[in-house]
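First the structure, in the form of structure tokens, and then the observations on it.
In what follows, chains carry the letters A, B, and so on, assigned in the order in which the sequence lines appear, proteins first and then strands, with residues in each chain numbered from 1.
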Number of protein chains: 2
Amino acid sequence: MTTLSDVAKEANVSKMTVSRVINHPEQVTPELRVIVEKAMEDLNYHPNSIAQALVNNRTNVVKFVTLEDIDTTEPYYINLLFGFARGLNTKQYAMQLVTDPSQIEKGRADGYLITGARNKDYDMFDKLDKPFVLFGENHRGYDFVDTDNQTAEKMATQYALDRLYKRIIFIGIDIKEPFEYSREAGYINTLQQHQLIPQIYRVSNHSHAAQDVIHEHFKGFKKDTCFVCASDRIAVGVVRQLQAEGARIPEDFGVIGFDGVFLDQVSNPKLTTIKQPIFKMGEMLASMLLQKIAQSGSPQGEVMLKPELIRRETTR
Amino acid sequence: MTTLSDVAKEANVSKMTVSRVINHPEQVTPELRVIVEKAMEDLNYHPNSIAQALVNNRTNVVKFVTLEDIDTTEPYYINLLFGFARGLNTKQYAMQLVTDPSQIEKGRADGYLITGARNKDYDMFDKLDKPFVLFGENHRGYDFVDTDNQTAEKMATQYALDRLYKRIIFIGIDIKEPFEYSREAGYINTLQQHQLIPQIYRVSNHSHAAQDVIHEHFKGFKKDTCFVCASDRIAVGVVRQLQAEGARIPEDFGVIGFDGVFLDQVSNPKLTTIKQPIFKMGEMLASMLLQKIAQSGSPQGEVMLKPELIRRETTR
DNA sequence: TTGTAGGCGTTATCAG
DNA sequence: CTGATAACGCCTACAA
């Protein structure tokens with residue numbers, strides 16, 4: 001591996017000049033800069049991030065903390081992870097995956113990405129001594145990235161109306177968290193604009209729970225109803241039970257999911273769904289976190305990315 | 001952060017003695033060792049892995065390389081990743097995720113875990129200058145961890161016979177890779193033991209491809225047939241088309257999947273499947289790779305983990 | 001068995 | 001604007 005010294009020799013300057021060309025190029029005369037850059041090029045020099053980390057008291061490692069149980073969660077974490085990784089790679093950062101909250105501050109890291117945070121988890125955050133960002137909206141002032149949940153369900157609801165479904169029913173997740181409130185708000189607002197009355201069922205985020213609800217209330221559902229669901233899991237359950245009841249999809253009943261990762265592709269018929277730009281969210285989170293680290297913890301704000309409605313086979 | 005020096009002062013010894021207590025405890029007298037250990041304890045000392053990395057010319061980072069397209073792959077990678085991460089955490093290692101093969105040697109790492117390798121990829125491996133291990137069986141002498149694919153399909157086939165299905169048909173993946181050959185071999189061997197004639201269809205690893213094959217040949221399938229499938233995706237397609245043809249599962253037709261991650265849980269009826277210990281494989285891969293790094297590249301051999309047959313609703 | 005000196009590759013600081 | 005020096009925290013080699 002070529003080092004700073006090698007480049008310095010090659011360019012006939014001191015190590016410091018080379019270092020400056022890398023970190024503070026404006027402090028070096030253009031002529032010298034060109035020479036040094038050529039030397040770096042010729043020797044294929046890349047700074048040793050470990051040595052940099054040592055002097056800067058950095059680790060070049062961040063932790064990816066998952067507070068949710070990954071087994072029961074949608075497989076979209078893989079996309080978030082790879083997006084996050086892509087973002088980290090630009091700065092030669094690496095990550096450690098942590099599922100046990102007590103392990104967060106164990107070992108060394110420059111910062112944390114925290115996913116799956118619920119209300120009960122927030123107390124812990126203020127005690128963290130390193131910068132962190134959240135995946136998932138919150139209203140406590142913590143930096144985060146999320147889908148624009150409200151707009152997403154507005155899109156879904158409006159689309160259902162455009163397709164001339166007369167009644168729109170929301171099947172939500174029975175959890176008191178901001179993302180769920182936002183999704184419901186998007187649905188409610190859109191209905192109100194059209195002077196329609198919201199009708200909401202809330203179930204645990206499993207397909208069979210959704211099946212149960214459809215089974216129980218099926219007689220009350222009239223034709224031309226569209227179910228706007230807060231997750232693909234729920235949507236899959238709704239579709240399945242509607243089929244079991246002999247209902248025709250999408251002619252008489254529509255179903256719209258939420259997530260757009262994997263499940264929508266293997267279901268039959270294929271789900272119309274709200275697709276979140278998860279990979280991109282991962283990338284955003286990485287750049288946000290790295291920036292926050294570089295700026296010694298300064299706030300990065302909130303980022304809400306626009307989702308996309310994927311039209312497939314469960315809406316007419 | 002407390003350093004080696006702090007501990008040394010506290011214990012009234014030199015830094016080296018402390019260092020030795022950590023790395024070569026046998027070279028230190030028991031009495032001193034106790035004193036130093038107490039000092040480390042009192043000061044809550046943890047070695048700075050970055051400084052260690054610098055002197056040892058290590059990075060404490062390994063790369064997780066995915067040569068497969070993660071979008072089209074089973075969501076089991078998430079479990080592999082978390083298992084791998086668990087294994088790395090024991091040694092304070094971090095990882096970088098890489099999907100672009102040309103990026104493998106970019107930046108720094110002490111070694112690589114390579115997944116999704118196909119025949120065409122092997123040429124590249126010999127050029128790698130860092131230790132690596134593979135996820136997925138191969139017969140070229142590279143260290144790997146995988147499910148025992150052959151035993152797995154033996155179990156599946158034998159189980160189908162035990163459940164008194166008279167004909168067992170294998171629906172494989174149309175790919176010329178060791179894992180597929182091993183799965184087929186497990187099936188074929190078991191049939192031959194019972195003097196039955198193997199019948200194999202091969203399709204691309206998508207549910208609709210499996211659907212097509214079932215649709216096309218359905219008339220040729222008699223009652224009491226069990227389909228042993230090389231993946232859950234295929235199994236899901238088989239189930240779906242059998243249902244579409246009006247066949248009764250599991251009474252007249254059985255279906256057994258392979259993978260046991262996620263898909264089997266959301267399908268309806270729930271899949272009987274071969275569950276791979278993926279998390280554990282991830283952990284194994286990590287310890288194997290770390291050991292290989294520690295032993296400067298010495299071979300670690302092949303590890304085939306026993307899978308488990310999960311009996312659910314698609315077999316009688 | 002224990003300690004001293006030096007160096008890993010980089011950067012901040014201060015002098016020129 | 002550029003360079004010499006020291007320091008980050010640890011470990012190897014050698015000396016006592």
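- The side chain of B/Arg20 lies closest to C/dT2 when the candidates are D/dC11, D/dT2, C/dT2.
- Within the 4.0 Å cut-off from OP1 or OP2 of C/dT10, at least one side-chain nitrogen or oxygen of A/Tyr45 is found.
- DNA chain C is contacted by both A/His24 and B/Gln27; B/Gln27 maps to the nucleotide lying nearer its 5′ end (nearest heavy atom per residue).
- Taking CD1 of B/Ile293 as the start and CZ of B/Arg58 as the end, the distance is 7.0 Å to the nearest 0.5 Å.
- Relative orientation of the B/Tyr77 and B/Phe64 rings is perpendicular, given thresholds of 30° and 60° on the angle between their planes.
- B/Leu32 comes within contact range of the sugar-phosphate backbone alone, with a heavy-atom separation under 4.0 Å but no base atom that close.
- When heavy atoms are screened at a 4.0 angstrom cut-off, A/Asn23 is found touching the sugar-phosphate backbone but no base atom.
- The side chain of A/Ala51 lies closest to C/dG9, out of D/dT2, C/dG9, C/dT2.
- Heavy-atom distances to DNA chain C give each of B/Glu26 and B/Val55 a nearest nucleotide, and the one nearer the 5′ end belongs to B/Glu26.
- The listed nucleotides are C/dC8, D/dG3, D/dC1; the one nearest the side chain of A/Thr29 is D/dC1.
- Relative to the side chain of B/Lys15, the nucleotides D/dC8, D/dG3, D/dC10 differ in distance, and D/dC10 lies closest.
- Under a cutoff of 6.0 Å and an axis angle of 45°, B/Lys176 and B/Tyr181 do not form a cation-pi pair.
- Checked for salt-bridge contact, A/Glu68 and A/Arg118 meet the test: a charged N lies under 4.0 Å from a carboxylate O.
- In this structure, of C/dT2, D/dT12, C/dT11, it is C/dT11 that holds the atom nearest to the side chain of A/Met16.
- Comparing atom distances between the A/Thr3 side chain and each of C/dG9, D/dG9, C/dT1 picks out C/dG9 as nearest.
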